[in-house]
Amino acid sequence: MGPAYEGIDFGMAERTIIKSAMSALNIDRNYFEKEFKKSGDLGQTVESFKKLYKSFEEKDMEVLAVFDFFYKLATASGNGSQDVKVSLLSQLIRQLDPLSGRYLVRLPTGIIRLGFSDMTILDAYSWMLKGDKSLRPIIETAYHVRPDLGFIGKMLKEKGIKGLEEIEPKAFTPIIMMKAERMSSAKEIIKQIGKCLVEPKFDGFRLQVHYLGSDPRRGSDPTESLPKVRLFSRSLEDVTYMYPDIVEGVKKEVKADELIIEGEAIGYNPKTGEFLPFQETVQRKRKYDIGAKSIEVPLKLFAFELLYLNGKNFIKKPFIERRKALEQVTIKNKDISKQIIVVDHQEEVDKEERLEEIFDQAVAKKLEGVIAKKIDGIYQPGARGWNWIKYKRSYSSKINDTIDCLVMGYDFGKGKRTDFGMGAFLVGVRDEKNDKFVTVAKIGTGLTDEEWRFLKIKSQISKLKDKPMNYSVDKAMNCDVWISPAIVVEIKADEITKSPTHTAGLALRFPRLEKFRDDKKPEDVTTLEELQHMTR
DNA sequence: TGTGTCTGCCCC
DNA sequence: ATTCTGC
DNA sequence: GCAGAATGGGCAGACACA
């Protein structure tokens with residue numbers, strides 16, 4: 001309905017779309033869901049049902065009229081709004097042809113499956129103007145600062161490529177954030193980027209800070225001249241109101257006329273100064289009770305990038321220059337414990353031994369790991385660039401904490417997993433005290449296409465009609481198919497966390513298949529007690 | 001007023 | 001977030 | 001090597017409903 005950062009959501013996904021389709025086509029839930037699971041695609045399911053049951057209401061509709069329906073749907077709120085959404089989508093499904101039906105239901109899910117996406121559309125804009133994709137770099141640069149395909153297209157039609165030159169970094173226009181590539185040893189990193197600057201990696205959430213210092217020239221209204229701060233999340237949502245403590249910190253501890261910096265926000269225990277686990281930090285992302293929560297869980301912002309300063313664009317400057325500028329714009333509080341905007345220590349490294357040491361120290365401090373940044377690397381907006389390399393605890397071959405799990409059941413896959421007949425599987429450990437299997441994770445990654453097919457075939461032998469008595473499973477983890485104790489897998493994870501849904505009371509963070517353990521029997525899997533001891 | 005279900009270009 | 005795969 | 005498409009745990013918020 002618009003660019004992501006404008007914050008207009010459909011508020012409607014799979015479950016509610018199914019309701020709309022059932023109501024539009026007058027189909028029983030079980031029948032619809034059965035066909036949906038078979039095809040793994042809501043669009044295809046609706047399309048084929050529409051072909052089967054021809055409707056006499058079908059008519060042509062203007063694109064703008066359809067847009068209007070979706071706009072009403074997306075903006076419906078309050079009492080009865082769910083019914084409004086269902087009814088609007090249901091009308092569209094009834095009134096349009098089967099092929100349109102396919103895309104009507106795909107649209108709100110965001111999975112359109114046209115085989116192209118934003119980047120291809122940028123190419124198309126270039127073709128539109130020049131008949132080839134030579135203008136793509138200019139267009140893409142503008143898109144990084146203004147990630148709105150509609151806006152870029154309109155600008156190009158109205159003003160041509162020159163229009164895009166007006167789009168440049170400035171305070172309060174968020175920039176698509178860069179991500180780091182991954183590597184699993186100091187050796188590889190030094191080989192890849194040579195001399196680098198190494199900094200700790202904190203487990204919080206990303207914030208991009210935009211700041212305009214006080215300036216009497218900014219208008220006659222006295223409030224106009226006060227310092228202004230905006231905070232953007234990784235999806236470029238404006239989240240300023242959620243973090244008043246960070247806003248105050250910026251006003252006190254940053255000196256500049258205009259700047260854009262980036263950092264990782266992490267909660268800490270105000271009494272002990274210890275950093276909090278992600279699950280607690282993320283509770284700060286909220287709409288209500290902001291004041292109370294900000295006292296309970298205060299944040300620090302570890303600033304690690306500077307993209308813009310006083311009219312000067314730093315995006316294409318070497319990292320070492322950005323870093324120097326960053327150090328210069330922060331004011332140090334006399335009481336370090338009260339500092340909110342922190343530019344943490346960083347070390348220049350060109351030997352793998354030293355890098356490995358810094359990594360070990362970071363891990364010992366219970367941090368996620370380190371980020372190594374190429375010393376003269378530019379900031380690559382919107383890319384997962386090689387100028388930043390993350391080296392996390394879980395990647396390291398030195399540390400190998402995997403657990404052996406029992407495969408308890410599986411779900412049918414969607415999209416390209418449909419053919420495999422499996423999209424994810426539920427795994428658990430043995431609770432010896434109660435003689436049961438309790439769940440710890442669902443696994444949806446780490447298998448090659450061939451391994452998915454292999455696991456599907458293997459699991460058919462043990463397929464069951466119902467969930468076994470000795471499986472303890474929360475209903476949120478219900479499976480399409482249950483299988484009896486037979487298959488053992490080795491699962492890797494970044495961390496073991498407390499869980500509200502998995503019956504082990506613990507869950508694996510970022511779980512993935514490491515390997516199949518055909519050499520092990522169900523009795524040999526990790527026990528709940530062992531798992532509890534592994535929790536750091 | 002309390003509980004359950006669903007959603008999020010969510011956060012990671 | 002992680003991982004795999006087609007281009 | 002990149003972009004795209006599968007999938008994970010778990011949080012707050014918005015509604016529906018009893």
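Below, chain A is the first sequence line, B the second, and so on; all start at residue 1.
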Are any of [X]'s side-chain N or O atoms less than 4.0 Å away from OP1 or OP2 of [N]?
X	N	result
Asn79(A)	dA16(D)	yes
Arg113(A)	dA5(D)	no
Thr501(A)	dG10(D)	yes
Lys392(A)	dT2(C)	yes
Ser81(A)	dA14(D)	no

Categorize [X] for me: base, sugar-phosphate, or nothing, with a 4.0 angstrom heavy-atom threshold over every strand shown.
X	answer
Lys85(A)	nothing
Lys475(A)	sugar-phosphate
Lys492(A)	nothing
Lys498(A)	sugar-phosphate
Asp148(A)	nothing
Lys293(A)	nothing
Arg182(A)	base
Ser394(A)	nothing
Gly110(A)	nothing
Phe202(A)	nothing

May I have the distance from [X] (atom [atom1]) to [N] (atom [atom2]), rounded to whole angstrom?
X	N	atom1	atom2	value
Ile491(A)	dG8(D)	CD1	C1'	11 Å
Lys515(A)	dC4(C)	NZ	P	14 Å
Ile112(A)	dA6(D)	CD1	P	12 Å
Asp449(A)	dG4(D)	CG	C1'	14 Å
Leu114(A)	dA5(D)	CG	C1'	14 Å
Asp419(A)	dA5(D)	CG	P	16 Å
Phe425(A)	dA6(D)	CZ	P	18 Å
Met242(A)	dC11(D)	CE	P	16 Å

Side-chain heavy-atom pair [X], [Y] within 4.5 angstrom cut-off:
X	Y	answer
Arg284(A)	Ser294(A)	yes
Leu447(A)	Phe454(A)	no
Ile111(A)	Arg106(A)	no

Any Lys/Arg nitrogen of [X] or [Y] sitting under 4.0 Å from an Asp/Glu carboxylate oxygen of the other?
X	Y	result
Asp411(A)	Lys37(A)	no
Glu450(A)	Arg453(A)	no
Asp494(A)	Arg509(A)	no
Lys19(A)	Glu33(A)	no
Lys191(A)	Glu188(A)	no

Min and max contacting nt of DNA chain B in 5' to 3' order, chain A heavy atoms within under 4.0 angstrom, are dT5(B) to dC12(B)
[M] and [N], which share atom name [atom1], separated by this distance in whole Å:
N	M	atom1	answer
dC9(B)	dC15(D)	C1'	22 Å
dC12(B)	dA6(D)	P	23 Å
dC6(B)	dG8(D)	P	16 Å
dT7(B)	dT7(D)	P	15 Å

Residue among Val105(A), Ile93(A), Leu107(A) satisfying side chain to side chain contact (heavy atoms under 4.5 Å, CB included) with Ile17(A)
Val105(A)
So which nucleotide from dA6(D), dG10(D), dA1(C) ends up closest to the side chain of Arg417(A)?
dA6(D)
Could you check Ile8(A) against Glu368(A) and say which one's nearest nucleotide on DNA chain B is further toward the 5' end?
Ile8(A)
Tyr410(A) and Phe412(A) aromatic ring geometry - parallel, tilted or perpendicular at 30°/60° bounds
perpendicular
Which label fits Trp452(A) and Phe420(A): parallel for a plane angle under 30°, tilted from 30 to 60°, or perpendicular past 60°?
parallel
Please enumerate all residues that pass side-chain contact (heavy atoms from CB on, under 4.5 Å) together with Ser77(A), with sequence neighbours excluded.
none
Positions of residues 506-513 of chain A (non-hydrogen atom under 4.0 Å from DNA chain C), listed by number
Phe510(A), Arg512(A)
Near DNA chain C, counting only heavy atoms under 4.0 Å, which residues of residues 277-291 of chain A show up?
none
[X] side chain to [Y] main-chain N or O, any donor-acceptor pair under 3.5 Å?
X	Y	value
Thr439(A)	Gly428(A)	no
Ser126(A)	Leu135(A)	yes
Ser81(A)	Gly78(A)	yes

Verdict with supporting geometry, Thr402(A) and Glu490(A), side-chain hydrogen bond (donor to acceptor under 3.5 Å, both in side chains):
CA-CA 6 Å; Thr402(A) 58; Glu490(A) 188 177 324; 2.9 Å; yes
Is the Phe278(A)-Phe205(A) ring centre distance short of 6.0 angstrom?
no
Secondary structure of DNA chain D in dot-bracket form (Watson-Crick or G-U wobble, distances below 3.5 Å, | marking inter-strand pairs)
||||||||||||||||||
With ring pair (Phe, Tyr, Trp, His ring centres under 6.0 Å) as the test, would you mind laying out the steps for Tyr395(A) and Phe359(A) before giving the verdict?
CA-CA 12 Å; Tyr395(A) 305 158; Phe359(A) 169 79; 9.1 Å; no
Using only heavy-atom distances, decide whether a donor-acceptor pair under 3.5 angstrom links the side-chain of Thr445(A) to the base of dT2(C).
yes
Would you say Ser39(A) and Asp41(A) are linked by a side-chain donor-acceptor pair, where the criterion is simply a distance under 3.5 Å?
no
What N/O pairs connect the protein and nucleotides 1-3 of chain D at under 3.5 Å? Give each pair on its own line.
unit_1, atom_1, unit_2, atom_2, d
dC2(D), OP2, Trp386(A), NE1, 3.0

